[in-house]
Every structure is written in structure tokens, then in C-alpha cells.
Amino acid sequence: MKYLDGSFFSRHTRIVAFELIGHELVFETLGGLLTGKIVETEAYFGANDPASHAYRGVTPRNRVMFGPAGKTYVYFTYGNHYCLNIVTEKEGVAGAVLIRALEPLGGIDMMRKNRRQINVNHMTNGPGKLTQAFGISREHSGMDLNTGSSLRIVESPSLEPVQIEVTPRIGISRAKKKLLRFCLKDNAFVSR
DNA sequence: GAGAAGATCTCCT
DNA sequence: GGAGATCTTCTCA
């Protein structure tokens, strides 16, 4: 089993967001192993992207986005929700990929408990939902996605590019037109 | 220190 | 389809 590492993530954010589709997110918890296939992502840049947290430069919250690739960036939003990102680009260049939706594969009973949600189709089909299902919160920000970490991404066989749909990002108020959202075509677990 | 906005979700109509 | 919940973070004075 091969894990994606810094050499995968330290490339252009758009490429990383595109190629992450189809790989497996794995999270080791005290209660067991949680796994899910990544079916939806969004790319966020730095200075050239008004929708990105990194647009106005470094702040205490977004500092990890400017650091080395392959780390997690988790932030709290709307008073209720955490969102999971993976830092991309070379050190010093801001960039991150937001994981928007997963297809649950393993540990579904535990996800049900975390989410208090019976329906598997509504378990992880949104950025706030998947972090709740996996039990990911701000304390998991800045984690390294290396093999020694409890959170990592397992490489899956490559998809054909035609299987991946490219659309504008959603849920943002600025730079809405850029085609930076990627999802697995015809997958039931995509958020919208 | 105050005010406003926000990479969302859920419930209600 | 629409609005409220809820609180962190950032900006500006």
C-alpha cells in the first residue's frame, strides 16, 4: 500500500486537487479505522485568489497554508463546522485543496455515531459533514500526511480524466467563475 | 474593542 | 428553496 507524500502535494494546487479525486483518506482513531474515497475537491491559491483565506497574506490561522506541502489545514467556520484542507505548493507559496466530499468505505458505524445520521448517502457529502463523521477538528490542523501519521492518503489506481468533472467552486462570494472544483462524475456522494 | 463576514448544515415551508 | 444558528477570525478605529 502506497501513501501520497510531499512530492505529490508540492505541485500546482489545481493539479493536486484534480489528481486527488479517487484516492482514499485514512484516519486512525482510538475507536478504529475510518476510510473514505475522495470524490470532490476544490483548489484555493494565495495572492491571486480573492476567495482564499491566504489572499491577504499570512495570519495566525492560515500560516500553515504557506508552509511545506502535505500538511493539513483545518479551520472552523459558521460557528458550527470544520473544513479539512491539504496544503500544496512549495514552501513559501500559499495553496490548499479543500476536501469537500467522501464516499464512506470503512468504519461506517463509527461515522454514524459521530454524525447521528443513519443515511450513508448523507454521511460525508459536504466539507462540514465529513469532518464531523471523521471526528476531525482544529486540533488536527498542521498534521503531516506521512506514513507515521494517523491521517494519510492511500494511493488508488489512476482514474481516466474523463471521469472527473470540473465546475466553478461553490459556497463562496468572490472569484466564483474560476473552474476549480473537481468531482467524480455520477458519484452519489458529491455534495451538490 | 467593536462590527461584520463567512470555503456550511439543518430544519421548515 | 430559504433563512436561522452560531462563533471564530479579521479589519478598522
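Per chain, numbering begins at 1; letters A, B, ... match sequence-line order.
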**Item:** Under 4.0 Å protein heavy-atom contact, by nucleotide of nucleotides 2-13 of chain B - B base, S sugar-phosphate only
**Value:** ----BBBSS---
**Request:** Convert the base pairs of DNA chain B into dot-bracket notation, remembering that pairs crossing earlier ones are written with [ ] and that bases paired across to another strand are shown as |; include only Watson-Crick or G-U pairs under 3.5 Å.
**Result:** ||||||.|||||.
**Request:** Assess whether atom CZ of A:F66 is packed by more than 12 heavy atoms of other residues, nucleotides or ligands within 6.0 Å.
**Result:**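 More than 12 within 6.0 Å, yes.
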**Fill in**
Correct closest heavy-atom pair for A:E103 and A:V39 would be CB-CG1, 4.0 Å
**Item:** Ring center gap for A:F45 and A:H12 short of 6.0 angstrom
**Value:** yes
**Asked** Are A:R100 and A:F182 in a cation-pi contact, defined as NZ or CZ under 6.0 Å from the six-membered ring centre and within 45° of the axis?
**Response**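 Not flagged: A:R100 not positioned over aromatic ring of A:F182.
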**Asked** Knowing that exactly one of A:H140, A:R63, A:H53 qualifies, which makes a side chain to side chain donor-acceptor pair (under 3.5 Å) with A:Y73?
**Response**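 Only one of A:H140, A:R63, A:H53 forms a side chain to side chain donor-acceptor pair (under 3.5 Å) with A:Y73, namely A:H53.
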**Request:** Indicate whether the side chain of A:S10 and that of A:E89 have a donor and an acceptor atom separated by less than 3.5 Å.
**Result:**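 The answer is no; no qualifying pair exists.
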**Asked** Are A:E40 and A:S191 close enough that a side-chain donor and a side-chain acceptor fall under 3.5 Å?
**Response** yes
